[in-house]
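Following: one structure in structure tokens, then a few remarks.
As a basis for the values below, the full set of heavy atoms in this structure was taken, side chains included, without hydrogen atoms, waters or symmetry mates.
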Amino acid sequence: QVQLVESGGGLVQPGGSLRLSCAASGSIFSINDMGWYRQAPGKQRELVAVISSGGSAHYADSAKGRFTISRNNVNNTVALQMNSLKFEDTAVYYCNAVIKPRTYGSSWLSYWGQGTQVTVSS
């Protein structure tokens, strides 16, 4: 069984920084893309940033220049460093990973973390 566990959310003032972390654990054969999504109240879940197993990163326009995604393929972790936070960054942030479980015949599956709240407020 595969699990993604996030940490690092919280309350921060505008202009501040937060670092989100996510660890994948369980019966994992391989991990492809890892990424972060967010969902604000009344809005659809949207991509924030994604990083390939080779380290190539892609960012939403709203995250470019402010957020940095990184991963550790040894520890199966992905992190999102968020700087210069704005009110509009307030949302529940979800970790996502495309994983092939260590189960005979398994396909690549998309897994989600439970979400962590980020609130930007003065």
side-chain contact (heavy atoms from CB on, under 4.5 Å) evaluation trace for S121 with L11: CA-CA 7 Å; S121 176; L11 174 65; 3.9 Å; yes
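- The shortest non-hydrogen separation linking A91 to Q39 is CB-O, 3.5 Å.
- E6 places a side-chain N or O within donor-acceptor distance of the main-chain N or O of G115, the cut-off being under 3.5 Å.
- For the salt bridge (Lys or Arg N to Asp or Glu O under 4.0 Å) condition, the pairs that include at least one residue of residues 51-63, sequence neighbours left out, are D61-K64.
- Applying the disulfide (SG to SG under 2.5 Å) rule to pairs touching residues 15-101 yields C22-C95, sequence neighbours excluded.
- A continuous path of Ile, Leu, Val, Met, Phe, Trp and Tyr side chains, each step under 4.5 Å between heavy atoms, connects L20 with V120, placing both in one hydrophobic cluster.
- In the hydrophobic clustering, where aliphatic and aromatic side chains (Ile, Leu, Val, Met, Phe, Trp, Tyr) are joined below 4.5 Å either directly or transitively, F29 stands alone.
- With sequence neighbours left out, the side chain to side chain contact (heavy atoms under 4.5 Å, CB included) criterion links L109 to P101, Y111.
- Applying the disulfide (SG to SG under 2.5 Å) test to pairs two or more places apart or on separate chains, none has a residue in residues 35-83.
- For the side chain to side chain donor-acceptor pair (under 3.5 Å) condition, the pairs that include at least one residue of residues 84-103, sequence neighbours left out, are R38-D89, R38-Y93, R66-D89, N96-S110.
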Evaluation steps, side-chain contact (heavy atoms from CB on, under 4.5 Å), between L4 and I99: CA-CA 11 Å; L4 299 183; I99 295 173; 4.2 Å; yes
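- Here A60 pairs with S62 under the side chain to side chain contact (heavy atoms under 4.5 Å, CB included) rule; sequence neighbours left out.
- F67 and V50 are not part of a single hydrophobic cluster, where members link through side-chain heavy atoms under 4.5 Å apart.
- Clustering ILVMFWY residues whenever any of their side-chain heavy atoms sit less than 4.5 angstrom apart, transitively, puts I31 in the very cluster that holds V78.
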Trace of the side-chain contact (heavy atoms from CB on, under 4.5 Å) decision for S52 with H58: CA-CA 9 Å; S52 70; H58 171 78; over 6 Å; no
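- For the ring pair (Phe, Tyr, Trp, His ring centres under 6.0 Å) test, residues two or more places apart in sequence or in another chain that qualify with Y37 are W112.
- Legend: residues meeting side chain to side chain contact (heavy atoms under 4.5 Å, CB included) with A49, ordered by chain and number and at least two apart, are Y59, I69, L80.
- For N72, there are no side-chain hydrogen bond (donor to acceptor under 3.5 Å, both in side chains) partners, not counting sequence neighbours.
- In this structure, the side-chain hydrogen bond (donor to acceptor under 3.5 Å, both in side chains) partners of T119, at least two apart in sequence or on a different chain, are Q117.
- A search for side-chain hydrogen bond (donor to acceptor under 3.5 Å, both in side chains) contacts involving S25 returns nothing, not counting sequence neighbours.
- Contact annotation: the side chain of M82 never approaches that of V12 to less than 4.5 Å [non-hydrogen atoms, C-beta and beyond].
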